[in-house]
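Atoms within a ligand are numbered from 1 in the order they appear, just like the ligands themselves. What you are looking at is a predicted structure, and each value in this text was computed from that prediction instead of being measured.
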Amino acid sequence: MKKDKTKLRSEEWFGREDKMGFVHRSWLRNQGHPDHMFRGRPVIGICNTWSDLTPCNAHLRDFAEIVKRGVYEAGGFPLEFPVMSLGETIMKPTTMLFRNLVSMDAEESIRANPLDGIVLLTGCDKTTPSTLMGACSVNLPTIIVPGGPMLNGKWRGRDVGSGTLVWQLADAMKEGTVTREELLEAESCMSRSAGHCMTMGTASSMASTVEALGLTLPGASAIPAVDARKKVMAHLAGNRIVEMVKEGLTLSKILTREAFENAIMVNSAIGGSTNVMIHLTAIAGRIGVELNIDDFDRIGSHMPLLANLQPAGQYLMEDFYYAGGLPVAINELKGHIHNDAITVNGKTIGENCKDAPCYDRDVIRPIDSPLKEEAGIVVLKGNLCENGAVIKPSATDGKLLQHTGRAVVFESIEDYHERIDSPDLDIDETCVMVLKGVGPVGYPGMPEVGNMGLPEKLIRKGVKDMVRISDGRMSGTAYGTVVLHVSPESAIGGALALVQDGDRIELDVKNKKLTLHVPEEELAERKKRWAPPAPAATRGYVHLYINHVEQADRGCDLGFLKGGSGEEVSREPH
Ligand code: FES
C-alpha cells in the first residue's frame, strides 16, 4: 500500500471501511480495546528484547508496562512485541552470530505491522545494535530505552566490575591464589541486581553510543536498571515517541554523518568497547551513512580519556551516573563534537548537555586534565592486516605497545585450550600469541576470545600481559595488549592464515603498524599451499551467515541487508 503522508501509517490498517479494516480491527478488539483507542492515534510498537535467557534484560517486561503508561498518557496506543533476545553469557557459540538475524526479525516485525513509532527496549551487548539496525532499515520515528547497568558489584569490602573481575579471577585461578569457595561467593557478589554489565563494557558502551547518537533521552544510558529514575525515563520515552510521530522525526533525520562522528568521539572519551566500531559501522550501513574503519582512527583515536571507568580506569557505571553521567562527558567534548546534531527530544545534543553539572571529578575528568591524553581505539595496518586491525591502548599498561616477538600460533580456539597450559609449550613473555579461525566466517560469528588468557607457567612467574593477535573480538570488559578484528580473517585466506610458529611479528602502535616479518616470496609460497577450512555449516541460518557476512572492518553485516526497504508494504494478506 502507498502511504498517504497526511495520515498515520497505522490508519492504512485500522482506518479503512472495507473488509480488511474490519479484520484488522476486529481481532485487536478481542483484547478489550475499544476502537477509538487505536483509530487515529499514533500506534507505538514496543520492541522488547526481554527474555529469561538474557539475564541482563530480564527486567524489561516490567519496563514495557511503564513505557505503555507514557504512551497512553500522551494519547498514543502501545503494542508490545518480542524479538529474539541475545544473552551474552549464555548463548553458544556467540551472540554475534545472531546479531544480524535479530536485525531481520526487528526490521520485518516493524514493517509488517501497523506501527507509527517504535520504542526499542535494549540492554545486553547485541540487543542494542541488532534492533537498531533493523529499525534503521524501516526508518520510522524511533527512541531507545536502554535497560541500564547493574549496581556496582561488592565483594569483600571492595567494588568489583562485571567481566573485569571474571578475567582477574581466571588469572588468579591459574596462579592458585583463589579458592573454590571464594569463587562461588564472588559470583553472587558481582551480579547483585537487575541490569547489564556495570563496567564500561559493550552494553554500557552501546547504551552510551546510542545516547551520543541522539537516540535516547538525555542522560538515559548510565541510570542503573533498578533506580526509580530509570522507570521515570522509560515513562518519558513513552510520552516522547508519540510526539516524535506527530513531528515526523524519523531515524534518518537524527542519524546523520555528524551524529556518527559524535558517537565515535564520545566512545573514545569514555574508554568504550572495541565492539562499538563493528556495530556502529553496521548501523551506519543500514541508514545510508558511509562510515569506515579509518574514520574511527581519524576521528576517535586522539580523543582524551575522560571517564575513569573499568576496564580502562577505576570506577563503575553507578559511580558514573552519580557523577553526572554521559551529558557531563559530552559537555566536556563540546569543542570537538557537532553540537547542533538533533536528538530524539527535538533539541540539539549541545543544548541537552550544556553546562551539565559534574559531581565527582575523579570519575569524569575535565578535558584539560584527562585520565589519558589519547584514549581512542587505534586502527593498525600492515601486511598482517591488509584491511585493518584494532587495539585499545587505554585498556593496556602501555608497556607492550611497541614490541617485536616470536609468534606462537594456535590454529583454533580448541588448539589454544589444549596446549596453552602445557609445561612443554615453547613460549615466554616476549612471544606474540596468535589465534586463527575466530573471525566472522571462521568460527563462525567472531566470538570474544581475542583476549586469550596467558599460559599458566608465565602467570605463576608474575607475567601480567603479552601481545595477543587474532581475527576475533574481545569483551568490552577485557584488557591487555590485544590486537583484534584482523581483516581479512584467516578463514578466507587473510595473511593471518599464513603465520607460523617462530615468525617475527612487530606491533608498532605509535606508527599504527602490524607487520609480519616474513619475505613476500615466502608468504606467496605459503599462500599457494593454503586451503580454506571446511564450511562451518551447510544449511540453515548459519549457512546463510557464512556466505554473506562481511569482514570486521565493514561491520560484519550480511551484505544483502545493507541499506533499507523503508516503511511501505505493497501487498495485502488476503
Ligand atoms: Fe549482558 Fe555483559 S553480559 S551486558
message = Using 30° and 60° as the class boundaries, would you call the ring planes of Y541 and Y545 parallel, tilted or perpendicular?
response =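 Y541 and Y545: tilted rings.
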So, does T122 use its side chain to make a donor-acceptor pair with the main chain of T128 at under 3.5 Å?
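Between the backbone of T128 and the side chain of T122 there is no qualifying donor-acceptor contact (under 3.5 Å).
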* To do: Could I get the full list of side chain to side chain donor-acceptor pair (under 3.5 Å) partners for D125, not counting sequence neighbours?
  =>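 For D125 there are no side chain to side chain donor-acceptor pair (under 3.5 Å) partners, ignoring immediate neighbours.
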Quick one: list whatever passes side-chain contact (heavy atoms from CB on, under 4.5 Å) with E80, sequence neighbours left out.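 side-chain contact (heavy atoms from CB on, under 4.5 Å) check on E80 returns I46, N48, A64, E65, K68.
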| Residue and atom, protein N/O/S, under 2.8 Å of atom 2 (Fe) of ligand 1 |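 Per the 2.8 Å query on atom 2 (Fe) of ligand 1, atoms found are C197 SG.
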State whether a side-chain donor-acceptor pair under 3.5 Å links E448 with N275.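 A pair is found: one side chain offers a donor N or O, the other an acceptor, under 3.5 Å apart.
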Note to self: With salt bridge (charged side-chain N to carboxylate O under 4.0 Å, His left out) as the rule and sequence neighbours excluded, what pairs involving residues 147-157 come up?
What the structure shows: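 Non-adjacent pairs meeting salt bridge (charged side-chain N to carboxylate O under 4.0 Å, His left out): K154-D159, R156-E182, R156-E185.
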